[in-house]
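The block underneath contains the structure these notes are about, expressed in structure tokens.
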There are 2 protein chains.
Amino acid sequence: MSIDVGARLRSIRQMCGLSQRELARRAGVTNGLISLVEMNRVSPSVSSLKKLLDGIPMSMAEFFTGDLNQQVPVFYAATELVEIGNDGVSLRLVAAQRANRQMTLLHERYAPDAQTGEEMLEHRGEECGVVIRGKIEVTVGGASRVLGPGEAYYFNSNLPHRFKNPGREPCEIVSCSTPPSF
Amino acid sequence: MSIDVGARLRSIRQMCGLSQRELARRAGVTNGLISLVEMNRVSPSVSSLKKLLDGIPMSMAEFFTGDLNQQVPVFYAATELVEIGNDGVSLRLVAAQRANRQMTLLHERYAPDAQTGEEMLEHRGEECGVVIRGKIEVTVGGASRVLGPGEAYYFNSNLPHRFKNPGREPCEIVSCSTPPSF
DNA sequence: CCTAGCTGTCGATAATTCTAAACATCCGGG
DNA sequence: CCCGGATGTTTAGAATTATCGACAGCTAGG
């Protein structure tokens with residue numbers, strides 16, 4: 001659960017071809033500290049870690065995003081998308097089995113009158129989408145609006161939100177959210 | 001230059017309606033520490049900040065991407081999407097003006113024979129998309145495949161990649177990438 | 001073999017972070 | 001008016017982090 005700051009720092013430092021002393025010089029800390037941090041014998045203060053990353057250079061966000069590559073499928077046939085919807089709402093998930101995805105990409109279909117649920121949704125992250133076909137009523141915080149083909153939305157997911165198809169024809173959307181909800 | 005960890009923490013904590021003591025309880029630290037951190041009188045250790053964010057909850061990466069914006073547009077008419085393409089490739093960006101977005105959502109159109117460029121693209125992050133209409137040839141790393149409507153892709157953007165419309169009809173895609181490229 | 005220069009690790013100590021408990025406000029109810 | 005319960009702040013001292021200097025290992029060159 002806890003982040004292996006030491007291993008991550010060591011890996012990045014070596015990737016940049018820097019010795020502990022060289023990075024220490026650039027960052028304005030001592031080589032000993034870097035040694036201790038990399039061995040996870042101390043948990044550096046945010047200000048120290050910031051200094052270290054400034055010497056690399058790399059942002060805090062990048063550091064904690066931790067982006068490692070792997071050999072996983074790239075292409076997905078329509079039938080390979082994983083269905084996770086219900087009740088007139090079809091949510092078809094791209095790259096469902098991919099470990100440590102950073103996003104959830106969904107091909108969504110709302111039957112007439114279908115909606116995401118009685119309760120407003122509320123979770124952390126951001127989500128956005130484009131309407132392909134039909135109409136969808138999007139409610140976010142207090143605001144509500146009906147979007148048609150080519151129209152789009154983007155909001156913080158911690159605002160209470162809901163989707164509903166107010167029309168008679170099915171509605172099709174492509175949406176994306178981060179961090180992944182599914 | 002340095003990050004205002006205190007202000008950021010306070011803002012996020014209040015956004016979640018938590019008191020210092022309540023967050024302290026959830027995070028397993030003392031309320032006093034939270035007070036000190038929020039006043040920037042100490043720079044918390046990474047492990048302490050991690051505990052605090054676990055109590056919110058929020059990831060370190062999210063914390064440092066600084067997502068403190070709220071009063072921004074949610075809905076976008078088709079005409080409000082910002083065109084950033086060229087040469088037969090139309091890339092229409094959702095929420096272009098939004099500060100500190102975590103994703104780039106694009107409504108893309110490729111004219112027949114159009115492609116993303118001579119050079120393969122290569123950048124940090126992940127990207128994914130769903131084909132709405134027409135056909136697109138997606139090349140990622142060594143692999144290449146033609147995708148049609150309803151088919152999808154998801155890959156690490158640091159693998160060299162390219163998109164090309166091999167057909168005679170225009171191709172329409174909705175794609176998303178993180179971190180934002182535009 | 002020995003030195004010079006690099007590497008990372010370690011121990012003692014200085015500096016900073018973190019805790020625990022007290023303190024100062026503020027607000028609503030009795 | 002005062003109390004209970006909430007808030008955030010402060011302080012002394014415990015715990016942890018950061019520094020400085022020493023150390024051992026390795027490699028290249030003389």
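What you see is a predicted model, and the numbers here were worked out from it, not measured in a lab. Numbered from 1 within each chain, the chains take letters A, B, ... in sequence-line order.
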Exercise. Could you walk me through whether B/Y154 and A/M103 pass the side chain to side chain contact (heavy atoms under 4.5 Å, CB included) test, one step at a time?
Key: CA-CA 10 Å; B/Y154 197 120; A/M103 299 181 280; 3.8 Å; yes
Exercise. Could you tell me whether the side chain of A/I173 reaches within less than 4.5 Å of the side chain of A/V130, counting heavy atoms only?
Key: no
Quiz item: Which residues pass the side-chain contact (heavy atoms from CB on, under 4.5 Å) test with A/E172, sequence neighbours left out?
Solution: A/H107, A/R109, A/I132, A/R133
Quiz item: Near DNA chain D, which residues from residues 34-45 of chain B have a heavy atom under 4.0 Å away?
Solution: B/S35, B/M39, B/R41
Practice problem: Kindly write out the residues that satisfy side-chain contact (heavy atoms from CB on, under 4.5 Å) with B/S47, not counting sequence neighbours, or none if the list is empty. | Solution: A/S43, B/S45
Quiz prompt | Between A/D4 and A/N40, a side-chain donor and acceptor under 3.5 Å | solution = yes
Quiz item: Could you give the start and end, 5' to 3', of the contact zone on DNA chain C for chain B, using atoms under 4.0 Å from its heavy atoms?
Solution: C/dT17 to C/dA22
Quiz item: Does the side chain of B/V174 reach to within under 4.5 Å of the side chain of B/L106, using non-hydrogen atoms?
Solution: no
Please tabulate, one pair per line, each protein N/O and nucleotide N/O from nucleotides 4-7 of chain D that are separated by under 3.5 Å, including the distance.
residue	atom	partner	partner atom	Å
D/dT7	OP1	B/S19	OG	2.9

Quiz item: B/N31 CG to D/dT10 P: how many Å, rounded?
Solution: 13 Å
Self-check item: Flag for A/Q20-A/E38: side-chain donor and acceptor within less than 3.5 Å
Solution: yes
Exercise. Taking the side chain as every heavy atom from C-beta outward, state whether A/V46 and B/F63 have any pair of such atoms under 4.5 Å apart.
Key: no
Self-check item: Residue met sooner reading DNA chain D from 5', once B/G32 and A/S47 are mapped to nucleotides
Solution: B/G32
Exercise. Could you tell me which residues satisfy side-chain contact (heavy atoms from CB on, under 4.5 Å) with A/R41, sequence neighbours excluded, listed by chain and number?
Key: A/L36, A/M39
Practice problem: Decide yes or no for A/Y110 and A/T116: does some side-chain heavy atom of the first lie under 4.5 Å from some side-chain heavy atom of the second? | Solution: yes
